[in-house]
Each structure stands twice: as structure tokens, then as C-alpha cells.
Amino acid sequence: MRLGRIASPDGVAFVSVEGEGDDAVAKEIAEHPFGTPTFTGRSWPLADVRVLAPILASKVICIGKNYAAHAAEMGGEAPQDPVIFIKPNTSIIGPEVPIVRPPSSERVDYEGELAVVIGRPCKDVKAAQAKDVILGYTIANDVTARDQQKVDGQWTRGKSYDTFCPLGPWIETAFDPSDVELVTELDGEVKQRTRTSLMLHDIGEIVEWITRIMTLLPGDVILTGTPEGVGPMVAGQRVSVTVNGIGTLSNPVVDKA
């Protein structure tokens, strides 16, 4: 099932997206998408509504340097254990919403990633049971003010600006994340290309590591790390991240007025 959020003339709703292309339809889910969703009977052609970020997380937990080649391009060794940091939920935006470059940064980078969406409250989850607490998977762009990240020596400021966590276009619940292609394009030029099988720490390991530390709640999002090829974006450009089996998340880039 493809789960999403949309804005229609009738308001904002969780939906199931069925069909492809011009025939895609958004069917309204009653209340929330967790557990076994029930439907209201209302639906809209997907082309007639605005697709929003598919979930509003209580927190976004990110894995740093989870691809060896990216760790190398950042000038460091690949970490033995997962390195985690948090982006605030106020950084989340949906497809086609502009990424806003703050005037305080001279370099804002794209980082295309596969994202995990948690489906129920969980703590101390073993890697082998991680699939039982996952609602599904979506696409993320871990936008980073790279110059501020380097100056600060820790990552909160450079990762946390409003609009720095595009998510979408929807959550795919029937998805095998073990070996799929991820591609990031800037104005149509491929900048990142990898397969999730190259992750240093797989989804199960990541969920086990994080839930040793903190309780995850329904809707929480885990960003699983970016491959090599990160680089700067400037106003007027468009960044698109595609994960085979999910779709494409695309956002324009603007400077803050």
C-alpha cells in the first residue's frame, strides 16, 4: 500500500494512493494510517490534490556516514557503530515545496536518502524484529548547511533549518529495502547513485541501535544515510531523489528573501 497525505478542497487527509500516472487516485483514510487503515469512501484524482509530506514525525533520527565512500569523501574513516543525530520535525517539507537556503550559509548541500517510517511505539527492538515496527519506507533529502557543519564540529545547526528535510512523495508499505537503487539528480544531472546493499549498517541494525537509546513513536522517521556525491545547490536549481520501488522526491531551491 502507498500511504500519503494530501491537501484537497475538503482539507488535509491521510490517503492510500492507488493506480499510476494520470490514473492515480487518492482514497481518504479515516483518522490515521497506523494499524489497519479504514476508509471514509471519499477519493480524489491525485492530479487534483497537493501531495504533502507523508508524515509529521515527532522526531527525525539520521544516520551519518553509513556508506563507506561517503565517509571517505567527508575525510574520515567509516564508523564501527552507527552515528546518529536528530533533525527537528519543523524541518520537514513535502514534494515540490522549495528548499530555502539561509543567508547565513554559503554552501547548502543535497543528501539523497532512503527513509524508514515507524509504525508503532517501540523500545529495545532486536534487529531481526525491526520489520515488525516499521510502517514503510519513503524518500528523504538530508539538506545540510555544510559550512556551518564544519565550523560547529557538531551537526545540529547545519541540519536543522526549516525546509531542510524534504520527505515523500508517499510511504510504501510493501517494500524490500535490502538492495534497491538510489539516485540523486541536480537539474537532471546524476550526482549520487548507489544501492542500499552498500549500507554499512542495514535497517535492522539501525533500528536496534536507535531503540537501545530512545523510544520511537508511530510516524517517527529514520534517515538511513547518504552515499558519496554530495554537493551544493543554489537558488533556481531543482534536486530530485529517486528510490526504485518508491518513486521520486523533487524540490526546487530558493534563497531566503
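Note that the numbering runs from 1 along the sequence shown for the chain. This one's a predicted model, so the numbers in the text were calculated from it and none came from an experiment.
Residues Asp220 and Ser58 bring a donor and an acceptor atom of their side chains to less than 3.5 Å of each other. Remark: the Gln154 side chain and the Thr156 side chain contain an N/O donor-acceptor pair separated by less than 3.5 Å.
Under the 4.5 Å side-chain criterion, counting only non-hydrogen atoms from C-beta, Ile222 is in contact with Ile210. The closest side-chain heavy-atom distance from Cys165 to Lys87 is below 4.5 Å. In this structure the side chain of Thr224 reaches within 4.5 angstrom of the side chain of Ile203, judged on heavy atoms.
With salt bridges taken as basic N to acidic carboxylate O contacts below 4.0 Å, none links Arg2 and Glu18. Look at Asp187 and Arg238 and you find no salt bridge, because none of the NZ, NE, NH1 or NH2 atoms lies under 4.0 Å from a carboxylate O. A salt bridge links Glu111 to Arg146: one of the charged nitrogens lies within less than 4.0 Å of a carboxylate oxygen. A salt bridge does not link Asp147 to Arg107: none of the charged side-chain nitrogens sits closer than 4.0 Å to a carboxylate oxygen. Under 4.0 Å is where a charged nitrogen must lie from a carboxylate oxygen, and between Asp124 and Arg212 no such pair does. Between Arg193 and Glu185 no salt bridge is recorded (no basic side-chain N to carboxylate O distance below 4.0 Å).
With Phe85 as the fixed residue, the side chain to side chain contact (heavy atoms under 4.5 Å, CB included) test singles out one of Ile63, Asp142, Val60: Asp142.
Formation of a donor-acceptor pair under 3.5 Å by the Glu73 side chain with backbone atoms of Gly229 is found in this model.
Residues passing the side chain to side chain contact (heavy atoms under 4.5 Å, CB included) test with Pro33, sequence neighbours excluded: Leu3, Phe14, Ile29. Residues passing the salt bridge (Lys or Arg N to Asp or Glu O under 4.0 Å) test with Arg5: none are found, sequence neighbours excluded.
To the nearest 0.5 Å, the span separating CG on Leu182 from CD1 on Ile246 amounts to 9.0 Å.
The 12-atom threshold is exceeded at CG of Asp81, counting heavy atoms of other residues, nucleotides or ligands nearer than 6.0 Å. For Lys59, the NZ atom counts as densely surrounded, since its 6.0 Å shell holds more than 12 non-hydrogen atoms of other residues, nucleotides or ligands.
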Applying side chain to side chain contact (heavy atoms under 4.5 Å, CB included) to Val221 and Asn89, what does each step give before you reach the verdict?
CA-CA 9 Å; Val221 174; Asn89 58 10; over 6 Å; no

Test salt bridge (charged side-chain N to carboxylate O under 4.0 Å, His left out) on Glu228 and Lys191 and set out the steps.
CA-CA 9 Å; Glu228 73 276 16; Lys191 296 294 188 179; over 6 Å; no

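Under the 4.5 Å side-chain heavy-atom criterion for grouping Ile, Leu, Val, Met, Phe, Trp and Tyr, Ile84 is connected to Met199 within one hydrophobic cluster.
Phe175 and Tyr137 have tilted rings, their planes meeting at an angle from 30° to 60° on a 0 to 90° scale.
Alongside Ile93, the hydrophobic cluster contains Val97, Ile99, Val108, Tyr110, Val143, Tyr161, Phe164, Leu186, Met233, Val239, Val253 (criterion: ILVMFWY side chains under 4.5 Å).
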